Enquirer: 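Please see the structure below; I have some questions.
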Amino acid sequence: MGLALAKLAQWTAAGHGAGTLEITPLNEAILKEIITFVESFIYKYPQEAKFVFVEPLEWNTSLAPSEFESGYVVREISLNPMTVKKDIELLKRFSGKGDQTVLESIEYTSDYEFSNGCRAPPWRQIHGEMCYVLVKPHDGETLCVTCSAGGVFLNGGKTDDEEDINYERKGSIYKDLVTFLREKSPQFLENMSKQGISFNEEQQKEKDPLSEAPKKDEAAAFHKDISGSDKRSLEKNQINFGRNQMTKRLEPSLNWKTTVNYKQSKGSVKEIQEDKHTGKLEKTRLSVSLGRAQLRRKSAEKIEEIISDSSSESEEDEEPPDHRQEANADLPSEYWQIQKLVKYLKGGNQTATVIALCSMRDFNLAQETCQLAIRDVGGLEVLINLLETDEVKCKIGSLKILKEISHNPQIRRNIVDLGGLPIMVNILDSPHKSLKCLAAETIANVAKFTRARRVVRQYGGITKLVALLDCAHDSTEPAQLSLYEARDVEVARCGALALWSCSKSHANKEAMRKAGGFPLLAQLLKTPHENMLIPVVGTLQECASEENYRAAIKAGRIIESLVKNLSSQNEQLQEHCAMAIYQCAEDEETRDLVRLHGGLKPLASLLNKTDNKERLAAVTGAIWKCSISKENVTKFREYKAIETLVGLLTDQPEEVLVNVVGALGECCQELENRVIIRKCGGIQPLVNLLVGINQALLVNVTKVVGACAVEPESMMIIDRLDGVRLLWSLLKNPHPDVKASAAWALCPCIENAKDAGEMVRSFVGGLELIVNLLKSDNKEVLASVCAAITNIAKDRENLAVITDHGVVPLLSKLANTNNNKLRHHLAEAISRCCMWGRNRVAFGEHKAVAPLVRYLKSSDTNVHRATAQALYQLSEDADNCITMHENGAVKLLLDMVGSPDQDLQEAAAGCISNIRRLALATEKARYT
């Protein structure tokens, strides 16, 4: 019957060997019937129910397969992790650049390999999925493929944040990866046929060792393959220990069970138990005078003593063979010691587990070697499973270790893949404050990983973390805090620390706001505890990127607290306060609040402290945004901040330079500050920065150079340093913001250069380059280039050159635009280009006149003035006058003749005069 049921059910495999039941209606029906039978059997036949079957019962049957319904079929398991791995490794050998390769690339989506050979997360392994690969054929887009026990299929691909997979199947299932690729890529099929002999030979070499073994011994052959010579085919830099772990299928939920009576072992545990109040290890029975290494050795001996009688592990569960250690002889002894301790965690009883946890904490877990030792031998799974026990001591020990090792980015990913975060989120509900703190701190580390932040939110973690903030409601007087209240403050601090990491996600910020997090953060901002303030301010700094939070910060007197803490002696606190101000100071009212609360002076003072680059970047960023307001610039000039900023233009990281140059760009909008920059020797380092590649820095530095070029003396220095040529070369930059900023900067350079026409002509290919930029799709680039062309066209010889390069049809093509900034500068460029040859006529022929007339309906005075001047120039041609009249230009221009803007008056009147002159001439000709 058991064999019949095994064949009847629909099976999958999370690894190799024995499979697991698929989640299907058929299997659910079978299980339901079995449960119903078993539940009733023990009551109906109590005597028989007591029998234990040591061996399975077997009997013959005369039933034929045809007597079963069509739904009762056997599903063969065709793939296992080793088969898939060998196929992928084989395809990698034949992948790369070149026409002869079968693929461009093939890579796993996850670097972590579980002990069963799978790379899929546990909750997907139960569906039979083993790994996911990104395949880039030569003739198509990158494919995200799922390799499962039932076959290979295309999935939904990577999600927007590039950190997760859309597991939903898209399309058919194929028997293996090669068959899938043959179907999806004609070039793969073609190149496979070219490589057919060599590929088949390699494939046969890979498969021969397995095919030699009988099918019933496939698992044994697989085990031998892993522990033997094919070990090199495993993932690079990954060391797998314990043959039993490699051969076992991963159990997604391995709940640790106590194997000894707690009361009997209480005395032994107490020797090293975690003190619930101080959080320190008691070592009353162990000699305090022992060194750390001796203590580890003694602890290991104690563990061996405890488990020697009770352990049921086989010889295969012992340490790896000696040859593995020899192969990795360069690894420190701590690596091997930690492996042994992890083994005790797996197979030991409660007392051994506690001792092993405490002994493990004696190692320097901040070292990557120790972290990887725990991971490589399967220790992460065990530590996470310990979190689901009922023993507080085990949970605390496990969390302390996880907290330390989760500083490693790879370990963070592994914890997420192993399903550790939901368990930690549940622990936040624990009545034990020490557990809450440790869980929150570990979440804070793990949530630095993008996908982890989403998992925390999905399991309700944001709401629970916000609730922790409410624990420190009476934390304003540290001298009056009792031990109990101090623990509440620590709980709130850890909650804020976790929220800080989680708040890097937009969705989490919104969840935090809905959970009432902002008022609690604002309240905690008043605490005198600096260790509390740092995560609170850090969280507010992250949240300040959202408009809703910025409005709340402005209204909630948060700026005042931020300014106050700028004067703290804690550098990290200063840094995050400055970063919060940087985020909020986009708003004019916030910039005023910073000034009114006296925040500008401490910011200026912190500029002189250049040893801490993270703080310097935050401070210069805050100064940059605050400098957008002219009143603040005046204050910074009083505090000598401009001179200090100029001194920071050299020997600083790029993130500091971006902010320094951004601040100078705002300051040098005033003549007095431009003079200060020049006198402090700022022009030279600014021009030097034009050769960089950082886009944000280039945008800012071009703005400063362009502003300084307005001053003749500064322009002379820029020209001497070949700054204009460097600006012109930036017109080739692929980033549109850099192009636009460079073009804007060229305008004052051309306008204020001594011999601008000759200077521009000296740039080989420069005029053709700038004319071709009129083909851009970016409105800011187009507006800036039009402005530059207006200045270039002031020189008649240059105007002739750009006319030959087709400037007229390109400008005309832009005329149908609703962008007022582009309209303004386009009209000016057209007006200036009318000064050469028959360009006026050409603009009319290219249909630029009628759209220009519509510009007069704009609400922007600058557009009116530029358009009237362009129409005045165009009205020198009779056909253009007719077009203007037909499009209603006269009435619109008449309204502008009375404008207070004199240039607009004159241009409107001149255009009307030309139209009127043509009308009179036409009328006179009619009667002559």
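Because the structure is a prediction, the values reported are computed rather than measured.
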Enquirer: Before giving the answer on side-chain contact (heavy atoms from CB on, under 4.5 Å), spell out for Asn445 and Ser501 the whole-Å C-alpha distance, their side-chain angles and the decisive distance to 0.1 Å.
Expert: CA-CA 7 Å; Asn445 289 340; Ser501 295; over 6 Å; no
Enquirer: So, Glu113 and Lys85, do they make that salt bridge, N to O below 4.0 Å?
Expert: yes
Enquirer: Indicate the atoms forming the closest heavy-atom contact of Cys502 with Arg453, along with that distance.
Expert: O-CD, 3.6 Å
Enquirer: Return the minimal non-hydrogen interatomic distance between Leu79 and Ser148, and the atom names on each side.
Expert: CD1-O, 3.3 Å
Enquirer: Distance-only, no hydrogens or angles: does the Gln371 side chain make a donor-acceptor pair with backbone N or O of Leu365 under 3.5 Å?
Expert: yes
Enquirer: For Tyr167, does the six-membered ring have the charged nitrogen or CZ of Arg124 within the cation-pi criterion, i.e. under 6.0 angstrom from the centroid and within 45° of the normal?
Expert: yes
Enquirer: If the threshold is 4.0 Å, N to carboxylate O, is there a salt bridge linking Arg451 and Asp417?
Expert: yes
Enquirer: Is Ser776 reaching over with its side chain to a backbone N or O of Leu773, donor-acceptor style, under 3.5 angstrom?
Expert: no
Enquirer: Please walk me through it: do Ser406 and Lys448 pass side chain to side chain donor-acceptor pair (under 3.5 Å)?
Expert: CA-CA 10 Å; Ser406 59; Lys448 292 172 184 175; over 6 Å; no
Enquirer: Please say whether more than 12 non-hydrogen atoms of neighbouring residues, nucleotides or ligands are located less than 6.0 Å from NZ in Lys136.
Expert: yes
Enquirer: Ignoring hydrogens and geometry beyond distance, is a side-chain donor-acceptor pair present between Tyr335 and Asp376 at under 3.5 Å?
Expert: yes
Enquirer: Quick one, Phe153 with Ser172, criterion side-chain contact (heavy atoms from CB on, under 4.5 Å). Give me CA distance, side-chain angles, the key distance, then yes/no.
Expert: CA-CA 6 Å; Phe153 56 85; Ser172 304; over 6 Å; no
Enquirer: Does some side-chain heavy atom of Glu368 sit less than 4.5 Å from a side-chain heavy atom of Asn408?
Expert: yes
Enquirer: Evaluate Glu388 against Ile423 for side-chain contact (heavy atoms from CB on, under 4.5 Å), listing each step before the verdict.
Expert: CA-CA 7 Å; Glu388 295 191 288; Ile423 302 171; 3.7 Å; yes
Enquirer: Answer yes or no: is there a side-chain heavy-atom contact under 4.5 Å between Cys131 and Val84?
Expert: yes
Enquirer: Using the side-chain contact (heavy atoms from CB on, under 4.5 Å) rule, take Asn166 and Lys158 through it: C-alpha gap first, then chi angles, then the decisive distance, then the call.
Expert: CA-CA 6 Å; Asn166 178 355; Lys158 286 208 167 188; over 6 Å; no
Enquirer: Any donor-acceptor pair under 3.5 Å linking the side chain of Asn778 with the backbone of Pro736?
Expert: no
Enquirer: Is there a donor-acceptor pair under 3.5 Å between the side chain of Ser95 and the backbone N or O of Leu91?
Expert: yes
Enquirer: Going by heavy atoms in the side chains, are Thr142 and Val135 under 4.5 Å from each other?
Expert: no
Enquirer: How close do Lys775 and Leu810 get, counting heavy atoms only, and between which atoms?
Expert: CG-CD2, 3.9 Å
Enquirer: So, His138 versus Thr101: side-chain donor-acceptor pair below 3.5 Å or not?
Expert: yes
Enquirer: Would you check if the side chain of His735 reaches a backbone N or O of Asp737 as a donor-acceptor pair within less than 3.5 Å?
Expert: yes
Enquirer: Taking everything shown except Lys813 itself, do over 12 heavy atoms lie less than 6.0 Å from its NZ?
Expert: no
Enquirer: Would you indicate whether the side-chain heavy atoms of Val178 and Leu90 approach each other to under 4.5 Å?
Expert: no
Enquirer: Counting N and O atoms only, with roles assigned by atom type, does the side chain of Ser398 sit under 3.5 Å from a partner on the main chain of Leu383, one being a donor and the other an acceptor?
Expert: yes
Enquirer: Rounded to the nearest 0.5 Å, what separation is found between the CG atom of Leu380 and the CZ atom of Arg375?
Expert: 8.0 Å
Enquirer: For Gly419 and Pro422, which heavy atoms make the closest approach, and how far apart are they?
Expert: O-CD, 3.4 Å
Enquirer: So how far is it from Lys739 NZ to Asn733 CG, rounded to the nearest 0.5 Å?
Expert: 7.5 Å
Enquirer: What's the spacing between Asn694 CG and Glu655 CD if we round to 0.5 Å?
Expert: 9.0 Å
Enquirer: Asp111 versus Gln410: any side-chain heavy-atom pair under 4.5 Å?
Expert: yes
Enquirer: Restricting to non-hydrogen atoms, name the atom on Gln339 and the atom on Ala373 that form the minimum distance, rounded to 0.1 Å.
Expert: CG-O, 4.4 Å
Enquirer: Can you tell me which residue among Cys147, Pro81, Ser110 is in a side chain to side chain contact (heavy atoms under 4.5 Å, CB included) with Cys118?
Expert: Pro81
Enquirer: Do Ser503 and Asn508 meet the criterion of a side-chain donor-acceptor pair at a distance under 3.5 Å?
Expert: no
Enquirer: For a quick test of reading the model, state the closest non-hydrogen atom pair linking Asp139 to Ser185 and the distance between them.
Expert: OD1-OG, 2.7 Å
Enquirer: As an exercise, state the distance from CG of Asn414 to CZ of Phe114, rounded to the nearest 0.5 Å.
Expert: 7.5 Å
Enquirer: Are Tyr174 and Lys184 packed together at the side-chain level, in the sense that at least one heavy-atom pair is separated by less than 4.5 angstrom?
Expert: yes
Enquirer: Does any non-hydrogen side-chain atom of Leu402 lie less than 4.5 Å from one of Ile415?
Expert: yes
Enquirer: To the nearest 0.5 Å, how far apart are CE in Met130 and CG in Asn80?
Expert: 6.5 Å
Enquirer: Take atom NZ of Lys504 as the centre, draw a 6.0 Å sphere, and report whether it contains more than 12 heavy atoms from other residues, nucleotides or ligands.
Expert: yes
Enquirer: To the nearest 0.5 Å, how far apart are CG in Asn155 and SG in Cys144?
Expert: 4.0 Å
Enquirer: Can Arg119 be said to sit on top of Tyr108's aromatic six-ring, NZ or CZ under 6.0 Å from centre and within 45° of the ring axis?
Expert: yes
Enquirer: Should Glu404 and Cys370 count as side-chain neighbours, where that means a heavy-atom distance under 4.5 Å?
Expert: no
Enquirer: Taking atom types as modelled and ignoring hydrogens, do the side chains of Thr179 and Asp176 form a donor-acceptor contact shorter than 3.5 angstrom?
Expert: yes
